[in-house]
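A short write-up of the structure that comes next.
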Number of protein chains: 4
Amino acid sequence: MPRFSETKLETIREERKIQIMKAAIKVFAENGVKLTKISMIAKEAGISHGLVYHYFQSKEDVLYESLEWAVALGETQDFLEKLKDDNSLSPVEKIHTFTKFALTSGSNQVFRVIQHLENSKGVPSHIHELYTNVGEVYIEFFIPIFKEGQQVGEIIEGNTEELVELFLSVISGIMADDPNWWNDNIEQKVTLLSRMITLR
Amino acid sequence: MPRFSETKLETIREERKIQIMKAAIKVFAENGVKLTKISMIAKEAGISHGLVYHYFQSKEDVLYESLEWAVALGETQDFLEKLKDDNSLSPVEKIHTFTKFALTSGSNQVFRVIQHLENSKGVPSHIHELYTNVGEVYIEFFIPIFKEGQQVGEIIEGNTEELVELFLSVISGIMADDPNWWNDNIEQKVTLLSRMITLR
Amino acid sequence: MPRFSETKLETIREERKIQIMKAAIKVFAENGVKLTKISMIAKEAGISHGLVYHYFQSKEDVLYESLEWAVALGETQDFLEKLKDDNSLSPVEKIHTFTKFALTSGSNQVFRVIQHLENSKGVPSHIHELYTNVGEVYIEFFIPIFKEGQQVGEIIEGNTEELVELFLSVISGIMADDPNWWNDNIEQKVTLLSRMITLR
Amino acid sequence: MPRFSETKLETIREERKIQIMKAAIKVFAENGVKLTKISMIAKEAGISHGLVYHYFQSKEDVLYESLEWAVALGETQDFLEKLKDDNSLSPVEKIHTFTKFALTSGSNQVFRVIQHLENSKGVPSHIHELYTNVGEVYIEFFIPIFKEGQQVGEIIEGNTEELVELFLSVISGIMADDPNWWNDNIEQKVTLLSRMITLR
DNA sequence: CATGAATGAGCCTTCATTCAT
DNA sequence: TATGAATGAAGGCTCATTCAT
């Protein structure tokens, strides 16, 4: 006889899962998936390693669900939404703001996990599908902004899609590095990165 | 009585070692050190896993000697030397040439290995020493070139050392990514990267 | 929420360790350290080889802790203590009693392990320290007994220390042999050994 | 077309085998059979490890033939023969002389190999047969000597066979120990051992 | 639900043995 | 005959996963 209502129980269970998934994303981001041991996730979450298997079928499942959850959670999505609607910023300012966010926000853990996966072999296809088009989302998001920037003369001419892809690729490459290095002089550094695509 | 002359045997032995080290650097670059299994190196080199241990003491030793060999081999060193003495190129052209080389040359496998190591914990100190100042070499190499570029008005003002560090950091971040992505449109992409630090 | 109280778990854990250490000492004694495989210890203890590593860091650690435990356990120590205080026995009777004990007591497994180690190369120093002065203890213990025996004319004249050392050396050599051979006619055999040092 | 006569070749081959067998017995004695590596024998013999397999089928065969050769060679046999015929020595003096020889002669390497084998499991039966009755030979040899000693009142009464067995067992146990320990004060030590069975 | 004891597949490493030269 | 390069079976150790409590 359950003490709590099904819903309540479900909630508690869900909270535990989130606790584990948070820990998992963090540890996966820092160490890569293969090198992350279940015990590391458990320790980060403050639970025993056995408990992980009450909430997830396997390590692969932890990865799948954590990634799914983190992507859907979409801190970055929210950020992009707000950015899109913020008419007080010029296209280049939007790009600048995003870049700063990407390099400093803790939410970039998800990206680092994805990067590890992209550099790995044998990633199960159902996991691969989770992030295979994440990049597309960003590209789609930035194309109109870049286009506008080109129209108002803030951004250099050329194939917009290629420009976006390249810019995001650079950001992405940087994020894989030591994430703390970018905390100093972030403004200046981001400005430099912006120079790649800005006119003046 | 051996059929081979000492010299011949020595040659075979040396060639085998090189064959293994080449394979090792490649596999280490692709998978990272921890995830590289001796059997993967052996397979890549086309030999049995046991043979690796005729030429090296341990996996750690394979890493150490391979790295030492690849660094000393110095394709990049040679490239830098020639670049330095090439008076037909302006500072920005030199940087452009180097960037292209860094992103396309097969020799960047070594850098990818080093990047994996820098993101790893528990790297033995004697291995760490092998690459701890490799970065410095590049910085020292580029500072005078950047300085000259600043004097002739090709490169933006600002703290030269910081500029160099940032630029190399971006290149380095990119190299960790899929190394093939950069093969298309390399000229255009490198030009874009150069824009970060060039005046116009 | 764990079903076991902390104490209960701790007890189980301790019992398992002891179970493994008992098995280890037995197998080490029979086969020597180098030739003892973890799987042999595991089989003797009735567990899987993996479990050994839940309780010990390595094979070396199994050896170290088992030896430390067995030495500290000190069945022999206890025996010596009681022997020392037993005033009903003459010096020669004490020696006789000890000899019988040494050759028949199951506790001589520890000695056999130590003997294997003494005949081995490359024993880690922290392990070596565990038994390096065990011999001294016996010598120190028997010197006064032998001295008394000499005074009362039970034991032959001569350098007491050398006499003790020689006698113990013989006992020790015998213990390395098939320990069951000595079970038959033990009284007679021990009497014969005693003759080495007794007067009549 | 052979350069040498068959006989000559055979001789050379035989000498090589002996060179290897000498090395094998030495290394087997020091390290035990299982812990002796083919490379250790080769090094001791001053040849390459591959060459061992030109003269012997396997490590087991090296052991078998070496043991067979060493036992048949019979330095000890010769010694015993001479001892038997030496009428200038009393029974106890003969035993004393033998004991000294056993503990100091380099020929005791064979015994140490045999002792290692007796403490081992899984010794092939054809090898076991080589030494299974070596002990018997000694017992048979000493029984008449002990008997004579008892008759002339040099040696204590009792079951002669048991007495011999025990005495040899003690000698054998001692030989397994550090063989150098017995080099100092050998006379005194042997005298002490003799006391086990002598009347006075 | 929660813990950690228990298992076994898999990787690093050693070494007996084979074989090209 | 002689060498040492080459192979692969087996043992030490790790860690994902299961399960008794």
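Just so we're on the same page: letters track the sequence lines, and every chain starts at 1. Worth saying up front: this structure is predicted, and the values here are computed from it rather than measured.
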| Per-nucleotide pairing state of DNA chain E [Watson-Crick or G-U, under 3.5 Å; [ ] pseudoknot-crossing; | other strand] | .||||||||||||||||||||
| Between C:His116 and C:Phe28, is the gap from one ring center to the other below 6.0 Å? | no
| query | Given that B:Gly50 and D:Tyr55 both sit by DNA chain F, which one's nearest nucleotide is further toward the 5' end? | reply | D:Tyr55
| request: Report the residue (D:Ile47 or C:Gln57) whose heavy-atom-nearest nucleotide on DNA chain F is the more 5′ of the two. | output: D:Ile47
Which of the following nucleotides, [options], is nearest to the side chain of [X]?
X: B:Leu51; options: F:dA5, F:dT1, E:dT13; value: F:dA5
X: C:His49; options: E:dA6, F:dA5, F:dT14; value: F:dT14
X: B:Arg16; options: F:dA5, F:dG8, F:dA2; value: F:dA5

Distance check needed: [N] [atom2] versus [X] [atom1], whole Å only.
X: B:Lys17; N: F:dA5; atom1: NZ; atom2: C1'; answer: 14 Å
X: B:Lys59; N: F:dT14; atom1: NZ; atom2: P; answer: 14 Å
X: B:Glu15; N: F:dA6; atom1: CD; atom2: P; answer: 11 Å
X: A:Ile20; N: E:dA2; atom1: CD1; atom2: P; answer: 9 Å

Any [X] side-chain N or O less than 4.0 Å from OP1/OP2 of [N]:
X: A:Tyr53; N: F:dT17; answer: yes
X: B:Arg13; N: F:dG4; answer: no
X: A:His54; N: E:dC1; answer: yes

| query | Does anything in residues 33-46 of chain B reach DNA chain E, meaning a heavy atom under 4.0 Å, and if so which residues? | reply | B:Thr36, B:Lys37, B:Ile38
| task | Answer yes or no: is there an ion pair linking B:Glu30 with B:Arg112, defined by an N-O contact shorter than 4.0 Å? | result | no
| message | Would D:Asn31 and D:Lys37 count as a side-chain contact (heavy atoms from CB on, under 4.5 Å) here? Give the steps. | response | CA-CA 9 Å; D:Asn31 303 89; D:Lys37 296 152 200 168; over 6 Å; no
| field | Ring-face cation contact, C:Phe56 with C:Lys17, 6.0 Å cut, 45° max | value | yes
